[in-house]
J.: 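This is the structure I want to talk about, given as structure tokens.
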Amino acid sequence: MSAGPASDEVAVVIPARNEADRIQATVTAATGLPAVALVVVVDDGSTDDTAAAARQAGAAVVRHARNRGKGAAMETGAEAVRLLDQREHRDRPRHLLFLDADLAGTAALAGPLIDPVLAGKTDMTIAVFAATVKLGGHGLVVGLSGAGIRRATGWQPTQPLNGQRCLTRAAFEAARPLARGWGVETGLTIDLLRKGWRVTEVEVELAHRATGTGMRAQLHRAHQLTDVARALAARP
């Protein structure tokens, strides 16, 4: 990336729930990304010290009193950025980089997601993790999302559920309201492609914690499956 772009053209939004053990490292790493001067963490009804840990790392924190789901957390974070842009009387709104809370130090490697958006080459980037982690049954949800996106748009994404995305404010607004819960990535991709916005996949070295195989993990995947199916049903 050239030295031209200002240091505050991108805001990072991190939806988080019960991520006190990783959120500090994630925020610290994200703060050092090129063109980033603002990191917003949306504590989505955590029962641990996620909010306090995020503040300690320097993030602006917005908190949901109860868990409202990832889609709602993303909208809340984007609205917080909009209000800050307005308060600062910015000529142009910040672009939005969404990152998962459990990336820890690898969040520092998200720069390649930002560059094409800053350069005006695309409207949204989607991360493709160079190294994959154990799926633990996660493939069923990925398959449903990928097939649904292909049917709806003709495009087959590599990692359709990847939550690491950078997009312009205009593209974000065009996709609102976002799909509910874990269907947000599926709906976001379909809605933008159908409206003619440019979407580009970018390989990055990011990594999050491996998906488990216990009862709690299986319940999480069931919720994901339901939300993705709902997002697809709303986009025939």
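The shown structure was predicted, so the numbers you read here are calculated from the model rather than taken from an experiment.
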J.: With rounding to the nearest 0.5 Å, note down the distance linking OG1 in Thr186 to CG in Leu144.
T.: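 CG of Leu144 is found 7.5 Å from OG1 of Thr186.
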J.: Let's go through Arg90 and Asp8 carefully: what are the C-alpha distance in whole Å and the side-chain angles of both, what is the deciding distance for salt bridge (Lys or Arg N to Asp or Glu O under 4.0 Å) to 0.1 Å, and is it a yes or a no?
T.: CA-CA 11 Å; Arg90 296 179 62 87; Asp8 63 345; 3.0 Å; yes
J.: Supply the atom-to-atom distance Trp197 CH2 to Asp191 CG, rounded to the nearest 0.5 angstrom.
T.: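 These two atoms lie 12.5 Å from each other.
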J.: Are Val117 and Phe172 in one and the same hydrophobic cluster, where Ile, Leu, Val, Met, Phe, Trp and Tyr link if side-chain heavy atoms are under 4.5 Å apart?
T.: no
J.: Do any N or O atoms from the side chain of Glu201 and from the backbone of Ala127 form a donor-acceptor pair under 3.5 angstrom?
T.: no
J.: So, for Ala107 and Leu99, which heavy atoms are closest and what is the spacing to 0.1 Å?
T.: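 Smallest heavy-atom distance, with atoms named: CB-CD1, 4.2 Å.
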J.: Between the main-chain N or O of Gly120 and the side-chain N or O of Arg198, is there a donor-acceptor pair closer than 3.5 Å?
T.: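 Yes; judged by distance alone, with no hydrogens or angles, the pair exists.
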J.: Could you tell me which non-hydrogen atom of Ala78 sits nearest to which non-hydrogen atom of Leu96, and how far apart they are?
T.: CB-CD1, 3.9 Å
J.: Please give me the minimum heavy-atom distance between Gln164 and Leu206, naming the atom from each residue.
T.: CG-CD1, 3.6 Å
J.: Do Leu192 and Asp123 come within less than 4.5 Å of each other through their side chains, counting heavy atoms only?
T.: no
J.: Would you check, one step at a time, whether the test side-chain contact (heavy atoms from CB on, under 4.5 Å) holds for Arg22 with Gln24?
T.: CA-CA 6 Å; Arg22 289 200 172 200; Gln24 276 191 297; over 6 Å; no
J.: If you apply the rule salt bridge (Lys or Arg N to Asp or Glu O under 4.0 Å), what do you find for Glu88 with Arg94, and how did you get there?
T.: CA-CA 11 Å; Glu88 295 170 11; Arg94 292 178 174 96; 2.9 Å; yes
J.: Using only heavy-atom distances, determine whether the side chains of Thr50 and Glu19 contain a donor-acceptor pair under 3.5 Å.
T.: no
J.: Do the side chains of His223 and Arg221 get nearer than 4.5 Å, heavy atoms only?
T.: no
J.: Start with the C-alpha gap between Asp102 and Thr26, add the side-chain angles, then the distance that decides, and say whether side-chain hydrogen bond (donor to acceptor under 3.5 Å, both in side chains) holds.
T.: CA-CA 7 Å; Asp102 65 350; Thr26 303; over 6 Å; no
J.: Could you list all the ring-ring contact (aromatic ring centres under 6.0 Å, His included) pairs where at least one residue sits in residues 13-57, not counting sequence neighbours?
T.: none
J.: Group every Ile, Leu, Val, Met, Phe, Trp and Tyr by side-chain heavy-atom contacts under 4.5 Å, then state whether Val142 and Leu140 land in the same group.
T.: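 Yes.
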J.: Could you walk me through whether Arg55 and Asp49 pass salt bridge (Lys or Arg N to Asp or Glu O under 4.0 Å), step by step?
T.: CA-CA 10 Å; Arg55 286 193 191 95; Asp49 293 329; over 6 Å; no
J.: Taking the side chain as everything from C-beta on, heavy atoms only, tell me whether Ile14 gets closer than 4.5 Å to Val42.
T.: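 Result no, sub-4.5 Å side-chain heavy-atom pair not found.
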J.: Quick one: CZ on Arg17 to NE2 on His64, what's the gap to the nearest 0.5 Å?
T.: 12.5 Å
J.: Distance only, no hydrogens: is a donor on one side chain within 3.5 Å (strictly under) of an acceptor on the other, for Thr125 and Thr200?
T.: no
J.: Using 0.5 Å steps for rounding, measure from the CE atom of Met124 to the SG atom of Cys166.
T.: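 Rounded to the nearest 0.5 Å, the CE-SG separation comes out at 10.5 Å.
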J.: How about Leu161 and Ser145: do any of their side-chain heavy atoms sit closer than 4.5 Å?
T.: yes
J.: If hydrophobic clusters are built from ILVMFWY residues whose side chains come within less than 4.5 Å, do Val184 and Trp155 share one?
T.: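 Shared cluster, yes.
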J.: Rounded to the nearest 0.5 Å, how far does CG of Leu193 lie from CD1 of Ile149?
T.: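 Between Ile149 CD1 and Leu193 CG, I get 8.0 Å after rounding to 0.5 Å.
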J.: To the nearest 0.5 Å, tell me how far Asp85 CG sits from Leu38 CG.
T.: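 Here the rounded value is 8.0 Å.
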J.: So does Lys121 have more than 12 non-hydrogen atoms from other groups sitting under 6.0 Å from NZ?
T.: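 Check fails, neighbour count at 12 or below.
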J.: Any ion pair linking Asp227 and Arg230 (charged N to carboxylate O, less than 4.0 Å)?
T.: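 Yes, charged N to carboxylate O under 4.0 Å.
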J.: I want to check something: taking the side chain as every heavy atom from C-beta on, are Val204 and Leu109 in contact at a cut-off of under 4.5 Å?
T.: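 The answer is no, as the side chains (C-beta and beyond) never meet within the 4.5 Å cut-off.
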J.: Would you say the side-chain atoms of Lys195 pair up with the backbone N or O of Ala175, donor to acceptor, closer than 3.5 Å?
T.: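 Such a contact is absent between Lys195 side chain and Ala175 backbone.
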J.: Would you say Val128 ends up clustered with Leu33 if hydrophobic residues are merged whenever their side chains have heavy atoms under 4.5 Å apart, either directly or through other cluster members?
T.: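 Unlinked, Leu33 and Val128 end up in two clusters.
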J.: Please name all residues satisfying side chain to side chain contact (heavy atoms under 4.5 Å, CB included) with Arg151, sequence neighbours left out, ordered by chain then number.
T.: Ala147
J.: Looking only at heavy atoms, which two atoms of Thr106 and Glu205 are closest? And how far apart?
T.: CB-O, 4.4 Å
J.: Is there a side-chain contact between Leu118 and Val10, using heavy atoms and a 4.5 Å cut-off?
T.: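 Side chain of Leu118 against side chain of Val10, heavy atoms only: contact under 4.5 Å found.
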J.: State which residues pass side chain to side chain contact (heavy atoms under 4.5 Å, CB included) with Val62; sequence neighbours excluded, sorted by chain then number.
T.: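 Counting only residues at least two positions away or on another chain, Val62 forms a side chain to side chain contact (heavy atoms under 4.5 Å, CB included) with Val40, Thr76, Ala80.
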J.: Would a 4.5 Å heavy-atom cut-off, applied to side chains only, mark Arg176 and Glu75 as touching?
T.: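 A side-chain contact exists here, since the closest heavy-atom pair is under 4.5 Å.
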J.: Go through it in stages, so that I can follow the logic: the residues are Arg165 and Glu185, the test is salt bridge (Lys or Arg N to Asp or Glu O under 4.0 Å), and I'd like the CA-CA distance, side-chain angles, deciding distance and then a yes or no.
T.: CA-CA 9 Å; Arg165 299 172 181 231; Glu185 289 90 4; 5.5 Å; no
J.: I'd like to know if Arg63 pairs up with Asp43 as an ion pair, taking the criterion as any Lys NZ or Arg NE/NH1/NH2 lying under 4.0 Å from an Asp or Glu carboxylate oxygen.
T.: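 Salt bridge present between Arg63 and Asp43.
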J.: List the atom of Thr47, the atom of Asn18, and the distance in Å for their closest heavy-atom pair.
T.: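 Taking every non-hydrogen atom into account, N-OD1, 2.6 Å.
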J.: Return the minimal non-hydrogen interatomic distance between Ala16 and Ser46, and the atom names on each side.
T.: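 Reported closest heavy-atom pair: O-OG, 3.8 Å.
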J.: Answer yes or no: are there more than 12 heavy-atom neighbours, outside Arg169 itself, under 6.0 Å from its atom CZ?
T.: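 For Arg169, atom CZ is crowded (more than 12 foreign heavy atoms under 6.0 Å).
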J.: So Ile126 and Val202, do their side chains get closer than 4.5 Å, heavy atoms only?
T.: no
